[in-house]
Amino acid sequence: MPRPSARRDPGVESAAIAWVERSTGCRVAGGELLEEALTHRSLGSRNYERLEFLGDAVLSFVVAEMLYREFDGAAEGDLSRYRAALVSGETLGVIALEAGLGEHLRLGEGELKSGGFRRASILADALEAVIGAIYLELGLSAARSAIDRLLGSRLADLPAASELKDPKTRLQERLQARGLDLPRYEVTEVSGDPHEQRFTVRCEVDSLDLLADATGTSRRRAEQEAATRLLELMDGTRQ
């Protein structure tokens, strides 16, 4: 993947416009709106965070609409699991990476050196910001079309809703079915700069004398990974 630049370049904007059209089917005008959507906070106060906020809401609404139409009669809980799977940071990060979004990000020198243009969390946030920019410039119909182009194939490949329960829920249900106490989660370490913190969490089930540690970019992600590892321990010991 070509390494993006922290500096402005005459060809950057035209390349970004071409990328948006190629990836989403939408022809945007560029200018400040697109520049903002592709600018990380490490480069200044005018960055993608506000557009990310808007794009997240548009994405959630459009995906909910897509699922409502696709899965006629599905229960609310199942639709919620489907939506969570489609709009998760992991899914969006993979989509953005495969589409080459990182090549067009504007990052501060620190993020460039640490490989921020490949980091899933940054890519996911920037993709939401691009969706927000498309919505503001071209309207909801264009945003809907872009989201369908980005996520449509994944909607068709969704597994059964029961397979999409998050690890914490699956662990809780498994313990409850056996009449055991619920797991305990404890943050054991927080490291890194304030804007790039990493959380280490311990998940423990006293009645089974099992525990698992995991690290993630948020407390929630670390808890989910710790629950996954504890489920694997239970499977390995047949508990």
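Residue indices begin at 1 and follow the sequence shown.
With sequence neighbours excluded, the residues that form a side chain to side chain donor-acceptor pair (under 3.5 Å) with Asp206 are Arg184. Take Arg22 and apply the salt bridge (Lys or Arg N to Asp or Glu O under 4.0 Å) test, not counting sequence neighbours, and it matches no residue. Under the rule for a side chain to side chain donor-acceptor pair (under 3.5 Å), the partners of Thr39 that lie at least two apart in sequence or sit in another chain are Arg106. Glu189 is linked by a salt bridge (Lys or Arg N to Asp or Glu O under 4.0 Å) to nothing, counting only residues two or more places apart in sequence or in another chain. Every residue two or more places apart in sequence or in another chain that forms a side chain to side chain donor-acceptor pair (under 3.5 Å) with Thr215 is listed here: Thr200. Every side-chain contact (heavy atoms from CB on, under 4.5 Å) that Glu76 has, sequence neighbours left out, goes to Ser80. Residues satisfying the salt bridge (Lys or Arg N to Asp or Glu O under 4.0 Å) test with Arg198, not counting sequence neighbours, are none. For Glu90, the side chain to side chain donor-acceptor pair (under 3.5 Å) criterion is met by no residue, not counting sequence neighbours.
Taking the side chain as every heavy atom from C-beta outward, Leu34 and Val20 approach each other to under 4.5 Å. Put simply, the side chain of Glu49 reaches to within 4.5 Å of the side chain of Arg41, judged on heavy atoms. When side chains are defined from C-beta on, Gln176 counts as touching Leu182, because their heavy atoms get closer than 4.5 Å. When side chains are defined from C-beta on, Glu186 does not count as touching Asp213, because their heavy atoms never get closer than 4.5 Å. Side-chain contact between Val63 and Ile147 is present, with at least one heavy-atom pair separated by less than 4.5 Å. Under the 4.5 Å side-chain criterion, counting only non-hydrogen atoms from C-beta, Thr188 is not in contact with Val201. Using a 4.5 Å cut-off on side-chain heavy atoms (C-beta onward), Leu208 and Leu175 make contact. Contact of the Ile131 side chain with the Leu51 side chain is not registered, since no non-hydrogen atoms from C-beta on lie closer than 4.5 Å.
Taking hydrophobic clusters as Ile, Leu, Val, Met, Phe, Trp and Tyr residues chained together by side-chain heavy-atom distances below 4.5 Å, Val94 does not share a cluster with Ile122. No continuous path of ILVMFWY side-chain contacts below 4.5 Å connects Leu155 to Tyr68, so the two sit in separate hydrophobic clusters.
Contacts classified as side-chain hydrogen bond (donor to acceptor under 3.5 Å, both in side chains) and involving residues 216-226 (residues at least two apart or in different chains) are given here: Asp166-Gln224, Lys168-Glu223, Thr217-Arg221, Arg219-Glu223, Glu225-Arg229. For residues 136-157, every residue pair satisfying the side-chain hydrogen bond (donor to acceptor under 3.5 Å, both in side chains) rule, not counting sequence neighbours, is listed here: Glu65-Arg144, Glu98-Arg154. Residue pairs that meet the ring pair (Phe, Tyr, Trp, His ring centres under 6.0 Å) test with at least one member in residues 42-66, sequence neighbours left out, are His40-Tyr48. Residue pairs meeting the side-chain hydrogen bond (donor to acceptor under 3.5 Å, both in side chains) criterion with at least one member in residues 119-128, sequence neighbours excluded, are Glu111-Arg119, Ser114-Arg119.
Judged by distance alone, with hydrogens and angles left aside, the side-chain atoms of Trp19 form a donor-acceptor pair with the main-chain N or O of Ala99 at under 3.5 Å. A donor-acceptor pair under 3.5 Å is absent between the side-chain atoms of Thr24 and the main chain of Ala146, judged by distance alone.
A salt bridge is absent between Arg83 and Asp78: the closest approach of a Lys/Arg side-chain nitrogen to an acidic carboxylate oxygen does not fall below 4.0 angstrom.
The nearest pair of heavy atoms linking Ile17 to Gly30 is CD1-CA, 3.9 Å. When all heavy atoms of Pro159 and Tyr82 are compared, the closest pair comes out as O-CE2, 3.3 Å. Residues Ala37 and Ala133 approach most closely at CB-CB, 4.1 Å, considering heavy atoms.
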Exercise for review: Go through the steps to decide whether Glu13 and Glu35 satisfy the test side-chain contact (heavy atoms from CB on, under 4.5 Å), and finish with yes or no.
Suggested key: CA-CA 7 Å; Glu13 185 174 57; Glu35 179 183 319; 5.5 Å; no
Exercise for review: With side-chain contact (heavy atoms from CB on, under 4.5 Å) as the test, would you mind laying out the steps for Leu151 and Leu59 before giving the verdict?
Suggested key: CA-CA 10 Å; Leu151 293 173; Leu59 179 66; 3.7 Å; yes
Practice item. For side-chain contact (heavy atoms from CB on, under 4.5 Å), just list the numbers for Leu171 and Leu230, CA-CA rounded to whole Å, side-chain angles, deciding distance to a tenth of an Å, and then say yes or no. Key: CA-CA 8 Å; Leu171 176 59; Leu230 201 137; 3.8 Å; yes
Exercise for review: Could you check Leu86 against Leu158 for side-chain contact (heavy atoms from CB on, under 4.5 Å), going step by step and ending with a plain yes or no?
Suggested key: CA-CA 9 Å; Leu86 288 172; Leu158 283 170; 4.1 Å; yes
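Atom CG of Leu180 sits about 4.0 Å away from atom OG of Ser207, to the nearest 0.5 Å. In this structure, CG on Leu92 lies 9.0 Å from CG on Leu150, to the nearest 0.5 angstrom. Taken from CG in Leu233 to CG in Asp209, the straight-line distance is 11.0 Å, to the nearest 0.5 Å. Distance CG/Leu97 to CD/Glu103: 9.5 Å, rounded to 0.5 Å. Taking SG of Cys26 as the start and CD1 of Ile134 as the end, the distance is 4.5 Å to the nearest 0.5 Å. Here the OG-CG distance, from Ser42 to Asp193, works out to 11.5 Å after rounding to the nearest 0.5 Å.
Under the side chain to side chain contact (heavy atoms under 4.5 Å, CB included) rule, Pro183 has a single partner from Leu211, Val205, Leu210, which is Val205.
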